[in-house]
Amino acid sequence: MTWRRLALPLGLAVVLVLPALLGAVYIAPHAVFIYHESKSAQVTVGNNGETPEEITVDLLFGYPDTDSTGTAFIRFIDDPGPEIPSAADWIRAFPRRMRLEPGNRQTVRLLATPPPDLPDGEYWARLMVTARGASIPVETADTTVRAGLQLEFRLVISVTYRKGEVTTGIALTNLEASADGDSLVVWVAVERQGTAAYLGTAEFDVVDGDDNHVLEWRIPIAVYYAMNRRFVFPIDELPAGDYRLAFRLSTRRDDLEEANVLPAPALPNGRPAPCTRCAPSWLPVFR
């Protein structure tokens with residue numbers, strides 16, 4: 001089994017975004033769920049730009065992960081073994097190639113043909129849309145030479161296939177918060193529980209000594225395997241003093257249909273405010 005990140009050859013820009021929108025090209029929705037009963041789904045690829053786009057659609061196996069610095073990225077595995085719940089080999093996109101004129105859009109159908117003996121569970125893939133637009137003129141010192149640079153952009157969204165009953169959950173294995181200059185640095189180590197990926201929201205609330213909320217951030221999070229993620233938030237406008245960070249994980253996702261988000265208990269149980277309701281271990285102190 002080998003894994004890789006997206007390579008960055010000359011003239012290629014790779015962007016992973018939510019929602020799936022990059023310049024002129026977009027995909028909707030930004031997350032696809034296929035159920036065993038229907039074995040199909042569809043996405044829309046559109047071109048809001050002013051030039052034609054050559055589009056290619058591929059299915060790969062990948063999942064969110066973090067590196068040694070806590071930075072999130074998509075880990076792609078070229079040849080996942082049988083122990084990996086990959087659906088990339090048996091989900092097909094139709095059409096795979098298309099030309100989108102400015103203002104046009106195309107429906108892409110995803111059809112799954114899983115093995116007949118597929119066990120119950122959740123299986124994953126990534127849908128990658130590659131857009132190759134018109135060449136951009138490049139100025140050169142030699143007026144007799146005309147050069148152009150063709151940009152290639154990639155959008156990647158998740159594809160989830162579910163068969164039978166699946167469950168999810170999350171375990172928090174470490175939480176550290178500290179001030180670094182004008183930034184709040186938070187390390188969150190988590191492990192996914194159950195048989196399906198954990199799709200939720202990480203909630204960060206800074207409170208003062210009187211339990212007043214002074215800052216807050218809400219970050220969508222997807223946990224497929226254990227990860228240790230580093231978050232950095234600006235606190236340059238925060239007056240000097242002692243503060244606490246209340247942290248909470250919940251399966252609330254405003255950007256996904258509720259029917260596709262598996263329920264799981266929030267961590268810690270209860271609301272993040274007031275913080276006195278939370279166990280002391282959940283309240284890192286920073287100055």
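If you read the sequence from its start, that first residue is 1, and numbering goes on from there.
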**Q.** Geometric class of the W124/Y63 ring pair [parallel <30°, tilted 30-60°, perpendicular >60°]
**A.** tilted
Q. What's the verdict on side-chain contact (heavy atoms from CB on, under 4.5 Å) for I157 and L155, showing C-alpha distance, side-chain angles and the deciding distance?
A. CA-CA 7 Å; I157 66 173; L155 298 172; 5.6 Å; no
Which heavy atom of [X] sits nearest to which heavy atom of [Y], and what is that distance?
X    : Y    : result
M98  : V108 : CE-CG2, 3.6 Å
T195 : E165 : OG1-O, 4.5 Å
G49  : P102 : O-CB, 3.2 Å
I55  : A131 : CD1-CB, 3.7 Å
A93  : V57  : CB-CG1, 3.7 Å
L267 : L172 : CD1-N, 3.9 Å

[X] side, atom [atom1]; [Y] side, atom [atom2] - distance, nearest 0.5 Å:
X    : Y    : atom1 : atom2 : answer
D205 : R244 : CG    : CZ    : 11.5 Å
S178 : L184 : OG    : CG    : 7.5 Å
L249 : I219 : CG    : CD1   : 11.5 Å
L127 : I91  : CG    : CD1   : 9.0 Å
L60  : M128 : CG    : CE    : 5.0 Å
T160 : I34  : OG1   : CD1   : 8.5 Å

Give a yes or no on whether [X] and [Y] share a hydrophobic cluster (residues Ile, Leu, Val, Met, Phe, Trp, Tyr; joining criterion: side-chain heavy atoms under 4.5 Å apart).
X    : Y    : result
I221 : L199 : no
V190 : L245 : yes
V43  : Y123 : yes

**Q.** Partners meeting side chain to side chain donor-acceptor pair (under 3.5 Å) with D120 (sequence neighbours left out)
**A.** none
Q) Do Q106 and N104 meet the criterion of a side-chain donor-acceptor pair at a distance under 3.5 Å? A)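 No, because no side-chain N or O of Q106 sits under 3.5 Å from a partner of the opposite role on N104.
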Q: With sequence neighbours excluded, give me every ring pair (Phe, Tyr, Trp, His ring centres under 6.0 Å) pair touching residues 171-192.
A: none
Residues that [X] engages under side chain to side chain contact (heavy atoms under 4.5 Å, CB included), provided they are two or more places apart:
X    : result
D210 : D208, N212
T69  : D67, T71
T173 : A189, E191

Any heavy-atom pair between the side chains of [Y] and [X] that's under 4.5 Å?
X    : Y    : answer
T113 : R92  : no
L118 : K163 : yes
P64  : I74  : yes
F61  : I84  : yes
W217 : L215 : yes
P52  : L100 : no
P220 : R253 : yes

Q. Does L262 sit in a hydrophobic cluster with other residues, and if so which ones, taking ILVMFWY side chains as linked at heavy-atom separations under 4.5 Å, directly or through other members?
A.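 V166, all in the cluster of L262.
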Q. Members other than F94 in its cluster, when Ile, Leu, Val, Met, Phe, Trp, Tyr link by side-chain heavy atoms under 4.5 Å?
A. L111
Q. What pairs meet the salt bridge (charged side-chain N to carboxylate O under 4.0 Å, His left out) rule with one or both residues in residues 37-50, with sequence neighbours excluded?
A. none
Q) Can you list every salt bridge (charged side-chain N to carboxylate O under 4.0 Å, His left out) pair that touches residues 98-111, not counting sequence neighbours? A)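 Listed once each, the pairs are E54-R99, R99-E101.
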Donor-acceptor contact below 3.5 Å, side chain [X] vs main chain [Y]:
X    : Y    : value
D180 : V185 : no
S86  : A88  : yes
R162 : N260 : yes

Enumerate donor-acceptor pairs with a distance under 3.5 Å from any side-chain N or O in residues 224-239 to protein atoms, sequence neighbours excluded.
residue	atom	partner	partner atom	Å
Y224	OH	R126	NH2	3.1

Q. Between E216 and V207, does a side-chain contact (heavy atoms from CB on, under 4.5 Å) hold up when you go through it step by step?
A. CA-CA 9 Å; E216 66 176 39; V207 298; over 6 Å; no
(Q) Can you list everything that forms a salt bridge (Lys or Arg N to Asp or Glu O under 4.0 Å) with R96? Sequence neighbours excluded, please. (A) D58
Q | Counterpart residues, salt bridge (Lys or Arg N to Asp or Glu O under 4.0 Å), relative to D254 (two or more places apart) | A | R252
**Q.** Aromatic ring proximity, centroids under 6.0 angstrom, F247 and F204
**A.** yes
Q: Apply side-chain contact (heavy atoms from CB on, under 4.5 Å) to H30 and L256, showing your working.
A: CA-CA 9 Å; H30 65 261; L256 299 176; 3.8 Å; yes
Q: Take L175 and V186 through the test side-chain contact (heavy atoms from CB on, under 4.5 Å) and record every step on the way to the result.
A: CA-CA 7 Å; L175 176 66; V186 185; 3.9 Å; yes
